[in-house]
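Here is the structure we will look at, set down as C-alpha cells.
Below, read A as the first sequence line, B as the second, and so on, with proteins coming before strands; counting in each chain starts at 1. Everything numeric in this text was worked out from a predicted model, so none of it was measured.
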Amino acid sequence: MNTKEQSFNPRGPIIVFSALIFLTIATVLLSGLDIGNTGALLIAMSVAAMKAGLVLYFFMHLNHEPLIFKLFVTLAFVTLATLFLLTFSDYAFRGIA
Amino acid sequence: MNVNYNPASIFAQDVDFAFWFILWVSLFFLVFITGFIIFSIIKYNRKNNPVPSNLHGNTALEIVWTIIPTILVMLFFYFGLQGFLKMRNVPKDAMEIKVDAGMWWWKFTYPNGLEQNTAQGLTVPADTPIYLPLHSNDVIHSFYVPAFRVKMDVVPKAAGAEDNYTWFEASQIGDFDLFCAEYCGLNHAQMITKVHVLTKPDYQAWLDEQSAEHLKKQAENPGQALITSKGCFACHSSDGTKLIGPSFKGLFGKTEMVVTNGEEHEITVDEAYLKTSIMEPGKDIVKGYQPLMPPLPLTPEEVMAIIVHIKELSE
Amino acid sequence: METANSTNYLNSHTGSRWTSGFMSWITSTDHKRIGVMYGLTMFSFFFLAVLIGFIIKLQKFYPAASGWEIIPVEWYGSFFTLHSVIMIFLFIVPGAPAVLGNFFLPLQIGAKDVAFPRVNLLSYWLYLFGAIMAVVGILLGGADTGWTFTPPYSVTTRTISMFGTQFDSVSWMLTAAFILGWGTILTGINFIITIHRMRTKGMGYFKMPLFSWSIYAASWIQVLATPVVGISLLMIVLERMMPVGFFDPNKGGDPILFQHLFWIYSHPAVYVMILPSMGLVSEIIPTNSQKPIFGYKSIAIASCSIAGVGYLIWAHHMFASGMSDVASIIFSFLTFFVAIPTAIKVFNWIATLYKASIALTPPMLFALGFVFNFSIGGLTGMFLGSLSTDIHLHDTDFIVAHFHYTMFGGAAFGIIGGIFHYFPKMFGKMYSHKLANATFGFMFTGFNALFIPMFILGFYGMPRRYHTYPDIPLFTNLQQASTIGSWILVVGVILMFITWIHGLLKGKKSRQENPWNSSTLEWQTASPPTLYNFEEDPVVTRHPYDYDAFRAEVKAGTSKGARDE
Amino acid sequence: MSEQAVTVEAFHHHDEDGTRLGFWLFLFTELLLFGAFFIVYGVYRSAHLNDFKIAAESLNTGIGTTNTIILLASSLTMVLSLNAIKAGRVKLAKSMLLITMALGTTFLIIKGFEWNAKFAHHLFLQTSAAIAEGKGSPLLTPGPEMLPDGQVLFYGLYFIMTGTHALHIIIGAVWMGIVYFWIAKGSINPDNAGVLERCGLYWHLVDVIWIFLFPLYYLVA
Ligand code: HEA
Ligand code: HEA
Ligand code: CUA
Ligand SMILES: [Cu+2]
C-alpha cells in the first residue's frame, strides 16, 4: 500500500460515471421503442450488464487487481448464468400458466 | 401372493432391463474392487511385503479407467432414456381416467362420469393404454404403482397450468398396490389403494354395473354419494368410530366444545354450524381434534345434500 | 520437546481474555480449539439423531396391522425431520470441514492459523446458535416437512407438537437453517483464502496434500451454493408469515420452482459431504500403505471436477416431479458425468494398494470400508441417474438406502476413519486398537445388514417416509432384517464412543509426532500441536506423498518418523 | 513460557490482499442470494408476461430512473472518498463519505414514497394472521377483487426484492457511519484504508444489484 505517490484525481471516476449516466438514459429511451418482448429484454439486460461491468471493473477496481480476482468474479457470474440456463431448460419447455 | 410386485405393465420390461443391466455392471465393479482390496491386504501385507514400491502413477492406466466408465455410463443413460420416452409418449387412443388426490384420498373419474374413491380403488381393463391426468387439491402427492413401474407427482397447479400426467398399459390381470409416494402429512402412509386389472369383457361388465349403481345411489341419497366420492370417509365414519375427525353418527343436535380463534365455547350442532364446518374447516375446531380438515371444493347445493345426510345419520 | 508440551493448544490460551476453563474455549480463535469444539457440539446433537434413526427402524419392525406402534402417527413426520435435519445440517455437511478441516488444514499447508481466525470463531457461534434453534424448534413445535421442505406442504402444515405447544416450528427451523448456512459460508470463505494466501514456503498447489484439495473444492460449493438455498428457505418463511405467492398455485406460483432452488444447493451439498471424506481416505490409504498415492494429480483435479459437475445435475431429484421432459433428459445425461471423476478416484485408491506395505490399522479399516460402502452408494446412484429406473425407484426405500450408503457408509465412515487417524495428533494419546477394531466390525456388519434390505424393499416398491407399511410378508421380513441390522450398528456406535472416551481418559500417552509414519506435513509438529503449529515456518521441497524421499529424510533426521516406544 | 510470548508476537499476520479477496467471496454470496430472486422473477415473468407488463405500468419510470442516478452518483462519491483517503486528503474523504450516505438516504426516502403510493392503492403485503382477519390487501389476497395471478406475483416480488435491496442499503449506510467515525478517530487513515475500501466494495455491489433490478421492474412495461 504505497499511498504517498497517488494523488487525488477525480477524472477517471467521473468519466466512468458519465458513461453510466449515459447508459441509464439510453436504456430508458430504448425501452420506449416497440421492438417486441425478447428484443426489449435483451437490450435492457445487455445495457445493465455493461453498466455492471463498468462498476465492477472501474469502481470496484478490478482493473487494478491481480488475475485471481478476475478469475473468481468470472467464476461467480458463470455459476449464476449456468443456474439460469439450466433452470430454463425446464421452464422453456413447460407451460406453467 | 406377491403378484403385487411382479412386473405387470408394458413399461416393466424396459425398466427392468435397464435395472438389471446397471446391476450387473455395478456388481462386476463392486466384486472387482472388493476382490482387489482383499487380494492386496493379503499379498501386500506389511509382514509379507515390508518394502513398498514407490509407484506414483501410470498415465495409460488412468486413461483406460477414464474411458471405460464413460462408455458404460453412456449406455446407462441410453437404456434409461428408452424406457422414459415410452413413459412420456401417450398413445393417441388411450382411455382417459382423471385422477384427483387430496389429503388423504384418491378419486378416479371415468369417461362416463363414474367416480371411484380410495376404498374402491382404480379398476382398469388389461392391455388397454390408460391416460391419467393428475390433479391435486392441496399439496403434492405422488401416484405410484410399483408393479407397473409408474410414478408421477400429483402437483397442485396454478389456474391455467397443465396438470401432470402419466399413463400405463397393464399386461396382467390382478390386484396391484397403488401408493402415495410423496410425503403429504399425517396419513401419507394410509394413502394406499389398489389397481384392479380386469379382462376387457370383465371390465365392461363392471363398468356397466357400477355406473348403474352409481346413478341409483346418487338419485336415492345424493348426500351419501357425495360423502363417498369426496373422500370424507378418509377422516369421518358414519358408524360412530372416531377417526381423524369426529364421526357423523349422532352429530346433528349434539352439544360439543369447539375452539374458535383460540377461545373455547360450547355449541349445539345445527345447520349453520355444519355449513361453516364444511366450508371453512379452519374456523371452529372441535375440542380434542387437530385443525387438519382441508377445505374441499363443494357447491352450496352439495353441502346442503351432505347436511341432509348427516341429519339422517342422527335419527 | 518440553516447551512444546507446555504450550500445546490444549493447555495454553490463545489471545482471549480467559486463560483457562470453559470460557477460554468458546472464546478462543485458535483453529485447533475451534475444531475440537465443533466436534464435541456435533456429537451431542448427533447422538440424538442416531437414537431417532434407531427408533424409526424399531417402528418398522412390524406392520401397523399387527397393532405395533412405537412412534405415534402424529409424531412420525417430526421424527424423520429431526433425524434428517440434524444429520444433514448439523452433522454431515459442516462435519468434516468444521472438525477436521479446521484442525488440520492449516497444519497440512504449514500455516499458523486460518486466514480469518475471528471469523472462524463467529462461524462456530453461528453454528451453535443455529443448531440449538433448529433442534429446540423441532422439539417444541414438531416440524414435519422432512429435510426437503417441499411446498405447498411446508407452507400449509400446522404442525402438531410433541408437547402440545402452539409454535411455528417450521419457520423457526428454516430460519435456523439459514443461520447455519451463514456459518458454513464463512467457513468456506475462510478456507479458500487460507489455501490461496497462507501456504508455507515451497507448498505449491500441486504439493498440497489431498485432504486440503478436497476441502478447497468443497469450500467453493459452500460459498456459491449455500446462499441460494438460504434465501429460498426464507421465501418459505415469508410464505408462511406473509403470503407472497412465490410457490403458491392459488396465486399463479409453481411449487416445483422451490424444488429447483432447493436442489441447486442440496445436490452440490452432497459433494460437500463426501469430498472431505474422500480427502481423508486419500490421506489414510497412502500412510498405511507407506507408498505414494496413485495418480496424485488426477485425484486433485477430480475433486475439483466433481465440485464443478455437481452444479449441473441438481434436477435429477425431480424426474418424477413433472418438470419438462427435455430438462429430465438433459439432467440425466449430465448426471452421469459426475461418475467419471469419482470412478477415477476409486480406481486410484485401490491402485495405491498395489505393491504396498499395508498395515490394517483402525483408520485403514475405515478407509477401506469407505471404499466398499461408497462404491455401493455411488453405483446405486447410477440407477437413480438413469431415467426410467429412477421413475420406479424415486421416493422409495431404495433412495433411503442409496443416501445412507453415501452419507453414512461413505462420508461418515470417512470422518470416523479420519478421527481414528488423527486422534493421536489431536490429543497426544493413543486409543485402544482392540476396541477400535471391534467398533469397525460391528459398524460395518450392522450398517450393511441395515441398509442392504432397504435396497430390495425399494425395488419392490416400499415408499419412503411411511409410518408403517402394508401387511405383506415380503415387506415384513425385509424390514425385520433391516431392523436387526440397526441393533448391531448401535452396538458399533456405542463402542465408538467408548473407544474415544476411553482413549481420552485412559489412553496411552504418546508424544510421538508421527505414530503412523506419514509423509505429510501435519505430522511434523508436536502432539498435541503447539499454539501456532510450527516452531518455525516449515519449508516444503518434495511431493507430499513421496515416501522414498520421506524415508531418506527420516534417516537423515530432517523429518520425524514413527519411533518405537 | 517466554517461548509462547514470542510465538504470539510472531503471529501478527495481516494480509490486506487476502482480506479483500475474502471480501469479494462474501460479495459473491450476496450476488447468488439475489440470484435466486432473479431466477424466481425470470420464471414468473416468462410465465405471466402480459400481467407483468401491465403491473409494471403502475411503477413510475421517472422515480426509478432518478433513484438509479442517485445510486450511481453515490457510487461515484464512494470511489472519490477512497481515492481521497489514499491520496492523504482525509477531510475530502470524509465529506465524500457523508455525501454518499446522504445519497443513500435519499434513495431510501424516495423508495419510501414509492411504497407509500402503492399502499395507498391497496397494494401491500400483510401477515397471514392479519389476512385471516380480513385485513389483507384485497388486491393481493384470494377473493373477488384479487388481481390476475401474474400481477399478484409481480407485486409480491416487487416488494420483497426491492425490500431486500433497501435492507442492504440500510446496512451499507450504517456501515458508512461507523467508517466515518473511525476515520474521524484516525483508526482508518491513508495507510490503513482497508475497511473503507471494503465498505466501498459492498456499496458498489448493492449498486450493481440495483442496476439489474431497475430495468426488470421499471422498464419492462
Ligand atoms: C454424500 C452424499 C451423496 C453422494 C456422494 C451421492 C452421489 C450420487 N448420487 Fe445421490 N443422493 C444423496 C446423497 C448423495 N448422493 C441424497 C441425500 C439423496 C436423497 C435426497 C432426498 O430425496 O432426501 C440422493 C438422491 C439421489 C438421486 C435422486 C433420486 C430420487 O429421489 O429420485 C439421484 C438421481 O440421479 C442421485 C444420484 C447420485 C449420483 C449419480 C451420484 C454420484 O456422485 C455417484 C458417483 C459414484 C460412483 C459411480 C461409484 C464409484 C465408482 C466406481 C465404483 C467405478 C465404476 C463406476 C462405473 C462404471 C459407473 N442421488
Ligand atoms: C449423515 C446422515 C445420516 C445418518 C448417519 C443416518 C443414520 C441413520 N438413519 Fe437416516 N436419514 C438421513 C440421514 C442420515 N441417517 C436423512 C437425510 C434421511 C431422510 C429424511 C427425510 O426423508 O427427510 C434419513 C432417513 C432415514 C430413514 C427413512 C425414514 C423414512 O423415510 O420413513 C430411516 C429408516 O430406517 C433411517 C434410519 C437411520 C438409522 C437407523 C441410522 C443410524 O442409527 C445409524 C447409526 C449411526 C451411526 C452408527 C453413526 C456413525 C458415527 C458417526 C457418523 C460419527 C462421526 C464423527 C464426527 C461428527 C466427528 N434414516
Ligand atoms: Cu399423499 Cu403422500
Ligand atoms: Cu443429487
Legend entry - Side chains of B:His56 and C:Tyr545, donor plus acceptor under 3.5 Å: no

Inset, instruction - Grab the two heavy atoms, one from C:Ser298 and one from B:Glu62, that are nearest each other, plus how far apart they are. - result: OG-OE1, 2.7 Å

Inset, instruction - Check whether any side-chain heavy atom of B:Thr70 lies under 4.5 Å from a side-chain heavy atom of C:Phe336, and answer yes or no. - result: no

Legend entry - Check: C:Ser357 side chain, B:Asn49 main-chain N or O, donor-acceptor pair, under 3.5 Å: yes

Inset, instruction - Could you go through the ring-ring contact (aromatic ring centres under 6.0 Å, His included) check for B:Trp65 and C:Phe294 one step at a time? - result: CA-CA 13 Å; B:Trp65 67 48; C:Phe294 197 91; 5.7 Å; yes

Legend entry - Side-chain heavy-atom pair B:Met74, C:Phe333 within 4.5 angstrom cut-off: yes

Legend entry - Side chain / backbone / both / neither for B:Phe19 at chain C, heavy atoms under 4.5 Å: both

Inset, instruction - Answer with side chain, backbone, both or neither: which region of B:Thr34 has an atom nearer than 4.5 Å to a non-hydrogen atom of chain C? - result: side chain

Inset, instruction - Check whether any side-chain heavy atom of B:Leu85 sits under 4.5 Å from a side-chain heavy atom of C:Asp325, and report yes or no. - result: no

Inset, instruction - Check each atom of B:Phe79 against the heavy atoms of chain C and say whether the ones under 4.5 Å are side chain, backbone, both or neither. - result: backbone

Inset, instruction - Please flag which part of B:Asp138 lies under 4.5 Å from any non-hydrogen atom of chain C: side chain, backbone, both or neither. - result: backbone

Legend entry - From OG (C:Ser328) to CE (B:Met87), nearest 0.5 Å: 11.5 Å

Inset, instruction - Under 4.5 Å heavy-atom distance to chain B, tell me which part of C:Pro341 shows up: side chain, backbone, both or neither. - result: neither

Legend entry - Heavy-atom pairs under 4.5 Å with chain C, option from B:Thr59, B:Leu23, B:Leu27 with the top count: B:Leu23

Legend entry - Per-residue contact mode, C:Asp548 against chain B (heavy atom under 4.5 angstrom): both

Inset, instruction - Identify which part of B:Gln190 has an atom lying under 4.5 Å from any heavy atom of chain C, answering side chain, backbone, both or neither. - result: side chain

Inset, instruction - Sort C:Tyr469 into side chain, backbone, both or neither according to what part of it lies under 4.5 angstrom from a heavy atom of chain B. - result: neither

Legend entry - chain B contacts, top residue of C:Pro249, C:Gly295, C:Ala343, C:Ser289 (heavy-atom pairs, under 4.5 Å): C:Pro249

Inset, instruction - Flag the pair B:Ser40 / C:Ile358 as yes when at least one side-chain heavy-atom distance between them is below 4.5 Å, and no otherwise. - result: yes

Inset, instruction - Determine whether C:Phe347 and B:Phe29 make a side-chain contact, defined as any pair of heavy atoms from C-beta on separated by less than 4.5 Å. - result: yes

Inset, instruction - Quick one: closest heavy-atom pair of C:Gln290 and B:Pro52, and the distance? - result: O-CG, 3.0 Å

Inset, instruction - Can you tell which part of C:Ala339 gets under 4.5 Å to a heavy atom of chain B, answering side chain, backbone, both or neither? - result: side chain

Inset, instruction - State, with a plain yes or no, whether a side-chain heavy atom of C:Pro152 is found less than 4.5 Å away from one of B:Ile140. - result: yes

Legend entry - Ring center gap for B:Phe84 and C:Phe319 short of 6.0 angstrom: no

Inset, instruction - Ignoring hydrogens and angles, tell me if any N or O in the side chain of B:Asp14 forms a donor-acceptor pair with the backbone of C:Ser388 under 3.5 Å. - result: no

Legend entry - Test applied, side-chain contact (heavy atoms from CB on, under 4.5 Å); reference residue, C:His392; option that passes from B:Val150, B:Val15, B:Val145: B:Val15

Inset, instruction - Would you indicate whether C:Tyr460, at its atom OH, is surrounded by more than 12 heavy atoms from other residues, nucleotides or ligands within a distance under 6.0 Å? - result: no

Legend entry - Top of C:Pro292, C:Ser154, C:Ser386 for chain B proximity - count of heavy-atom pairs under 4.5 angstrom: C:Pro292

Inset, instruction - Check whether any side-chain heavy atom of C:Phe337 lies under 4.5 Å from a side-chain heavy atom of B:Val73, and answer yes or no. - result: no

Legend entry - Under 3.5 Å: donor-acceptor pair, side chain of C:Arg464, backbone of B:Ala181: no

Inset, instruction - State whether the side chain of C:Lys291 and the backbone N or O of B:Ser53 hold a donor-acceptor pair below 3.5 Å, judged by distance alone. - result: no

Inset, instruction - Heavy atoms only, distances under 4.5 angstrom: which of C:Leu353, C:Thr156, C:Leu368 has the most pairs with chain B? Name it, please. - result: C:Leu353

Legend entry - Residue that, paired with B:Ile33, satisfies side-chain contact (heavy atoms from CB on, under 4.5 Å) out of C:Leu379, C:Val346, C:Ile376: C:Val346

Inset, instruction - With the side chain counted from C-beta on, respond yes when C:Tyr354 and B:Leu55 share a heavy-atom pair under 4.5 Å apart, and no when they do not. - result: yes

Legend entry - B:Ile192 versus chain C, the contacting section by heavy-atom distance below 4.5 Å: side chain

Legend entry - Which portion of C:Phe247 sits near chain B, non-hydrogen atoms under 4.5 angstrom: neither

Legend entry - Closest non-hydrogen atom pair between B:Phe179 and C:Pro470, with its separation: CE2-CG, 3.7 Å

Legend entry - Proximal component of C:Val371, with respect to chain B [non-hydrogen, under 4.5 Å]: side chain

Legend entry - Gap between atom CG of B:Asn164 and atom CE of C:Met323 - 0.5 Å precision: 11.5 Å

Legend entry - Atom group of C:Thr396 that falls short of 4.5 Å from chain B, counting heavy atoms: side chain

Inset, instruction - Give, as side chain, backbone, both or neither, the part of C:Phe80 having an atom under 4.5 angstrom from any heavy atom of chain B. - result: side chain

Inset, instruction - Evaluate whether atom OH of B:Tyr78 has more than 12 neighbouring non-hydrogen atoms of other residues, nucleotides or ligands under 6.0 angstrom away. - result: no

Inset, instruction - Look at the side chain of B:Lys151 and the backbone N and O of C:His394, then say whether any donor-acceptor pair between them is shorter than 3.5 Å. - result: yes

Inset, instruction - Rounded to the nearest 0.5 Å, what's the gap from OH on B:Tyr144 to CG on C:Asp395? Could you check? - result: 9.5 Å

Inset, instruction - Decide whether a cation-pi geometry holds between B:Arg149 and C:Phe459; the criteria are a distance under 6.0 Å from NZ or CZ to the six-membered ring centre and an angle within 45° of the ring axis. - result: yes

Inset, instruction - Counting only heavy atoms closer than 4.5 Å, note whether C:Ile329 contacts chain B via side chain, backbone, both or neither. - result: both

Inset, instruction - For C:Glu69, look at atom CD and say whether over 12 heavy atoms of other residues, nucleotides or ligands are found less than 6.0 Å away. - result: yes

Inset, instruction - Give, as side chain, backbone, both or neither, the part of C:Thr150 having an atom under 4.5 angstrom from any heavy atom of chain B. - result: side chain

Legend entry - When B:Pro69, B:Ala18, B:Pro156, B:Gly83 are compared by non-hydrogen pairs under 4.5 Å with chain C, the top option: B:Pro156

Legend entry - Side chain / backbone / both / neither for C:Leu393 at chain B, heavy atoms under 4.5 Å: both

Legend entry - Part of C:Phe475 lying under 4.5 Å from any heavy atom of chain B: side chain

Inset, instruction - Dump the intermediate steps for ring-ring contact (aromatic ring centres under 6.0 Å, His included) on C:Tyr466 and B:Tyr183, then the final yes or no. - result: CA-CA 8 Å; C:Tyr466 263 31; B:Tyr183 184 68; 9.4 Å; no

Inset, instruction - Could you tell me which portion of C:Asn348 (side chain, backbone, both or neither) has an atom closer than 4.5 angstrom to a non-hydrogen atom of chain B? - result: both

Legend entry - Best-contacting candidate, C:Asp546, C:Thr352, C:Ile256, against chain B by heavy atom pairs under 4.5 angstrom: C:Asp546

